[in-house]
Amino acid sequence: MASSKGQLSKLGEAARTFLATRPGLLIAGRNTPAASGARRDVLDPSTGLVVTDVAEGGAADVDAAVAAARATFQSAEWRDMRPLARERLLHRLADLIERDADILAELEVIDTGKILPMARHGDLVIALDSLRYMAGWTTKIEGTTIDPSFSYIPPIRFSARTVRQPVGVVGQIIPWNFPLVMAIWKIAPALAAGCTVVLKPAEDTPLTALYLGRLIAEAGFPAGAVNIVTGGREVGMAIVEHPGIDKIAFTGSTAAGQDIQRRAAATMKRLSLELGGKSPVVILEDCPVPMAVEGAAGAIFFNHGQVCTAGSRLLVHRSIYEDVVQGLAHAANGMVLGEGMDPAGQMGPLISARQRDRVAGYVQGALDQGARLLAGGEAPDRDGFFYRPTVLADGTPSMTIFQEEVFGPVVIAMPFDTEEEALALANDSCFALGASVWTQNLAAANRFAGALRSGNVWINAHNILDPAVPFGGWKMSGYGRELGHSAVELYTEAKSITMPLL
C-alpha cells in the first residue's frame with residue numbers, strides 16, 4: 001500500500017523519526033522482532049493509508065514476554081524494591097511523558113484519527129494525572145491488625161494481621177479508542193502494586209504504547225517489568241490462556257470479555273473486565289434547552305462516539321423533546337469533519353473501514369425499524385473512515401439501536417412523560433456502565449442518581465473522569481473498578497497472618 005503523506009508532513013520531526021524506526025516488540029527491555037518475522041501495517045484513519053508497520057507478535061512472543069515478566073517479578077531487584085523507589089520510578093515516567101507530550105499526541109492523532117487538541121489537552125492530561133495519582137499509592141498499600149478470640153484454644157492469645165501483596169504477572173489487553181490513557185490506566189496501578197506486566201495494545205493502534213515502552217526503559221524500570229506484544233487475536237488469546245499469567249485486565253467489547261472469562265476459567269486467573277455500554281442521557285422537563293443540547297452533543301460526539309460511556313440513548317421529556325432533538329441535529333450538522341492535524345477539524349474519522357461500515361449498518365437498521373433521521377446518516381465522499389454525526393429520533397425500546405452498542409457518533413432519541421417512565425427506559429438495557437441526568441431540581445437529580453442502574457452516574461455532566469474516582473460497570477458492562485483506591489486492589493491479593501502471643 002502507498003504511505004500516507006499529507007498527515008505525516010504535518011508531524012514534528014521526532015514523531016516522524018519514531019515512525020521510521022518501524023518498532024518491534026518490547027520484551028525484557030529490548031526492541032525485539034516477532035519470532036515469526038511478521039509485520040503489520042498501521043493505517044492513518046484519516047486517509048486509509050499506511051504510516052508505518054510494527055512487529056506482528058504471536059504465541060511464541062507471548063511466551064518470551066511472560067518469561068521476562070516472571071523473571072523480573074521474582075528478582076531481588078524488583079521484589080525487594082522499596083515502595084518509595086517504585087513511586088519515584090512512576091513519577092520519573094510521568095516526567096518523561098510530559099517532556100514528550102507533543103510527540104505522543106501526534107502519534108495518537110496519526111494512529112486513531114483524533115483531532116490534535118483533544119489528544120494533546122485531553123488524552124495526555126488524563127494519562128499524566130492518572131499516572132501521578134497512581135504513583136502515590138505505592139506507599140499507601142495497607143493491611144489491618146486483628147485481635148482474634150480463638151475461644152476453642154484456651155488459654156493462648158493470638159494476634160492476626162492482613163497484608164496485601166502483588167498478584168504477580170498481569171496480562172493487560174487495551175482497546176483502540178484511548179490507547180495511551182488505557183495503557184496508563186492498566187500499567188500504573190499494576191506497577192504501583194509491585195506486579196509486572198505483559199501488555200497487548202489494540203492491533204489498530206499500537207504506536208503510543210510502543211513509544212511508552214521506550215520511556216519506561218528510559219525511566220529506569222527493570223527490564224521485564226513491562227513487556228509489550230503487538231498483534232491480533234492470537235496474541236490476546238495466548239495471554240488469556242497462558243499458565244504463567246496470574247491476572248487479566250481487559251477493556252473492550254462485552255463479547256470479547258465473555259470469551260476471555262470462559263478461557264481464563266481453566267487457570268482460575270483473576271479478572272477485571274471493563275466492557276461495553278449503552279448509556280442513557282435523561283433530560284428532565286426543567287432542563288434549559290440550550291444546556292440539554294450542549295450536554296447531549298458532548299455525551300455522544302466526544303471522541304467521535306467511540307467511547308464506552310457514550311450517551312447514545314437520549315431520553316427527553318416530551319414537553320421539550322422536539323426542541324432538544326432539533327437543536328442537537330443543528331449542532332451535528334454544524335460539526336466540521338477533518339484530519340487530526342487540521343486546525344479546522346472538530347471531529348475526526350472512525351478507527352477503520354470496518355467500524356465505519358458497522359456504524360452505517362446500525363443506522364440503516366434503525367431507519368428500517370422506523371427511526372426518524374434528523375442529521376447525518378452517511379459517510380462523506382472523501383478519503384478515510386469518516387462518518388457524519390447522526391441524530392435519530394422517535395426510537396423505541398424494541399429497536400436494535402436502542403439495545404446494542406454502536407460505538408460511533410450516533411444517538412437515538414425518544415420522549416417520555418413521567419420520571420417513572422424515564423427510569424424504566426434508562427434501565428432497560430443489559431449494559432450498565434454510565435448514565436447522566438440533566439435537571440435543575442436537586443431532589444430529582446438525587447432520585448435519579450439513586451435509581452439509575454449504572455456503575456457511573458453524572459448529574460448535569462457526562463463522560464467526565466478523575467483518577468481519584470473509581471470507574472467500572474455493572475451487569476454486562478463488566479466488573480472490577482479502575483482508578484481510585486479500587487485500582488490498586490485489582491492488582492493485589494489479601495493474605496491473613498496469625499501467630500500466638502507467647
Subject >> Under 3.5 Å: donor-acceptor pair, side chain of Thr32, backbone of Leu26 >> reply: no
Subject >> Note, Ser312 side chain near Lys278 side chain (heavy atom, < 4.5 Å) >> reply: yes
**OP:** Could you tell me whether the side chains of Trp185 and Ser130 share a donor-acceptor contact shorter than 3.5 Å?
**Re:** yes
Original post:
What closest approach, in Å, do Phe250 and Lys186 show between heavy atoms, and which atom pair accounts for it?
Top reply: N-CE, 4.0 Å
Subject >> Atom CD of Gln326 with >12 non-hydrogen neighbours under 6.0 angstrom >> reply: yes
**OP:** Answer yes or no: is there a donor N or O on one side and an acceptor on the other, between the side chain of Thr72 and the main chain of Ala69, under 3.5 Å?
**Re:** no
Original post:
Can you tell me if Thr47 and Asp383 form a side-chain donor-acceptor pair at under 3.5 Å?
Top reply: no
**OP:** Rounded to the nearest 0.5 Å, what's the gap from CG on Leu191 to CD1 on Ile216? Could you check?
**Re:** 6.5 Å
Original post:
What distance separates His304 NE2 from Ile115 CD1, expressed to the nearest 0.5 Å?
Top reply: 6.5 Å
Original post:
What heavy-atom pair brings Glu203 and Gly231 nearest, and what distance separates the two atoms?
Top reply: CB-O, 3.4 Å
Original post:
Taking the six-membered ring of Phe178 as reference, does the NZ or CZ atom of Lys114 fall below 6.0 Å from its centre and within a 45° cone about the axis?
Top reply: yes
**OP:** Indicate yes or no for a side-chain donor-acceptor contact from Thr254 to the backbone of Met476 under 3.5 Å, with no hydrogens or angles considered.
**Re:** yes
**OP:** Look only at the side chain of Asp61 and the backbone of Val235, and say whether a donor-acceptor pair between them is shorter than 3.5 Å.
**Re:** no
**OP:** Examine the side chains of Asp286 and Thr439 and answer whether a donor and an acceptor come within less than 3.5 Å of each other.
**Re:** yes
Original post:
After noting the C-alpha distance and the side-chain angles of Thr309 and Asn463, does the key distance pass the side chain to side chain donor-acceptor pair (under 3.5 Å) rule?
Top reply: CA-CA 7 Å; Thr309 51; Asn463 280 336; 2.4 Å; yes
**OP:** Enter the distance from Phe386:CZ to Leu350:CG here, rounded to the nearest 0.5 Å.
**Re:** 9.0 Å
Original post:
Under 3.5 Å, is there a donor-acceptor pair between the side chain of Thr208 and the main chain of Leu104?
Top reply: no
Original post:
Any salt bridge between Asp204 and Arg354, counting N to O under 4.0 Å?
Top reply: yes
Original post:
Are side-chain heavy atoms of Ile184 and Met134 found at a separation under 4.5 Å?
Top reply: no
Original post:
Between Arg132 (side chain) and Leu90 (backbone), is there a donor-acceptor pair under 3.5 Å?
Top reply: no
Original post:
With no hydrogens and no angle check, do the side chains of Lys475 and Ser429 hold a donor and an acceptor under 3.5 Å apart?
Top reply: no
**OP:** Would you indicate whether the side-chain heavy atoms of Pro380 and Arg388 approach each other to under 4.5 Å?
**Re:** yes
**OP:** Report yes if the side chains of Thr138 and Leu84 come closer than 4.5 Å at any heavy-atom pair, otherwise no.
**Re:** no
**OP:** Test Glu108 against every option in Leu116, Ile103, Leu180 by the side-chain contact (heavy atoms from CB on, under 4.5 Å) rule and name the one that passes.
**Re:** Leu180
Original post:
Only one of Glu482, Gln172, Lys247 forms a side-chain hydrogen bond (donor to acceptor under 3.5 Å, both in side chains) with Ser272, so which one is it?
Top reply: Lys247
Original post:
Should the heavy atoms of other residues, nucleotides or ligands under 6.0 Å from NE2 of His330 be counted, would the total exceed 12?
Top reply: no
Original post:
Any idea how Phe18 and Tyr211 line up, ring-wise: parallel (<30°), tilted (30 to 60°), or perpendicular (>60°)?
Top reply: perpendicular
**OP:** Kindly determine whether Phe471 and Leu433 satisfy side-chain contact (heavy atoms from CB on, under 4.5 Å), including the steps that lead there.
**Re:** CA-CA 9 Å; Phe471 178 81; Leu433 186 58; 4.2 Å; yes
Original post:
So, the side chain of Ser454 versus the backbone of Val457: is there a donor-acceptor pair under 3.5 Å, distance only?
Top reply: no
Subject >> 4.5 Å side-chain heavy-atom contact, Pro45 and Gln355 >> reply: no
**OP:** For the pair Arg22 (side chain) and Asp53 (backbone), establish whether a donor and an acceptor sit closer than 3.5 Å, ignoring hydrogens and angles.
**Re:** no
**OP:** Taking all heavy atoms of Gly257 and all of Leu273, pick out the closest pair and write down the distance.
**Re:** O-CD1, 3.9 Å
Original post:
Just wondering, do Leu337 and Pro389 contact through their side chains at under 4.5 Å, heavy atoms?
Top reply: yes
**OP:** Taking the side chain as every heavy atom from C-beta outward, state whether Phe301 and Leu328 have any atom pair closer than 4.5 Å.
**Re:** yes
Original post:
Could you give the distance from CG (Leu315) to CD1 (Ile283), rounded to the nearest 0.5 Å?
Top reply: 8.5 Å
**OP:** Check Val307 against Glu405 and note the closest heavy-atom contact, atom names and distance.
**Re:** O-OE2, 4.4 Å
Original post:
Does a side-chain heavy-atom distance below 4.5 Å link Thr52 with Thr21?
Top reply: no
**OP:** Report yes or no: does Asn227 contribute a side-chain atom to a donor-acceptor pair with the main-chain N or O of Val197 at less than 3.5 Å?
**Re:** yes
Original post:
Which atoms form the tightest heavy-atom contact between Val324 and Ala292, and what is the distance?
Top reply: CG2-CB, 3.9 Å
Original post:
In Å, rounded to the nearest 0.5 Å, how long is the span from OG1 of Thr112 to CD1 of Ile351?
Top reply: 6.0 Å
Original post:
Considering all heavy atoms of both residues, which atom of Leu215 and which atom of Asp100 are nearest to each other, and what is their separation?
Top reply: CD2-OD2, 3.5 Å
Subject >> Salt-bridge present (Arg16, Glu106; N to O < 4.0 Å) >> reply: no
Subject >> Inter-residue atom distance Arg233.CZ - Lys200.NZ, 0.5 Å rounding >> reply: 10.5 Å
Original post:
Stepwise, does the side-chain contact (heavy atoms from CB on, under 4.5 Å) test hold for Trp176 with Gln306?
Top reply: CA-CA 9 Å; Trp176 43 257; Gln306 298 173 130; 3.2 Å; yes
Original post:
Within the distance-only criterion (no hydrogens, no angle test), does the side chain of Arg313 pair as donor or acceptor with the backbone N or O of Ala426 below 3.5 angstrom?
Top reply: yes
Subject >> Trp458 vs Leu465, side-chain contact (heavy atoms from CB on, under 4.5 Å): CA-CA, chis, key distance, verdict >> reply: CA-CA 10 Å; Trp458 296 284; Leu465 302 171; 4.2 Å; yes
**OP:** Answer yes or no: does atom CZ of Arg120 have more than 12 heavy-atom neighbours from other residues, nucleotides or ligands under 6.0 Å?
**Re:** yes
Original post:
Given the rule in the side-chain contact (heavy atoms from CB on, under 4.5 Å) test, do Asp44 and Leu49 qualify, once you have shown the distances and angles that lead to the verdict?
Top reply: CA-CA 6 Å; Asp44 173 3; Leu49 300 177; 5.7 Å; no
Subject >> side-chain contact (heavy atoms from CB on, under 4.5 Å) partner of Val411, the single match among Thr390, Leu374, Val391, Val281 >> reply: Val391
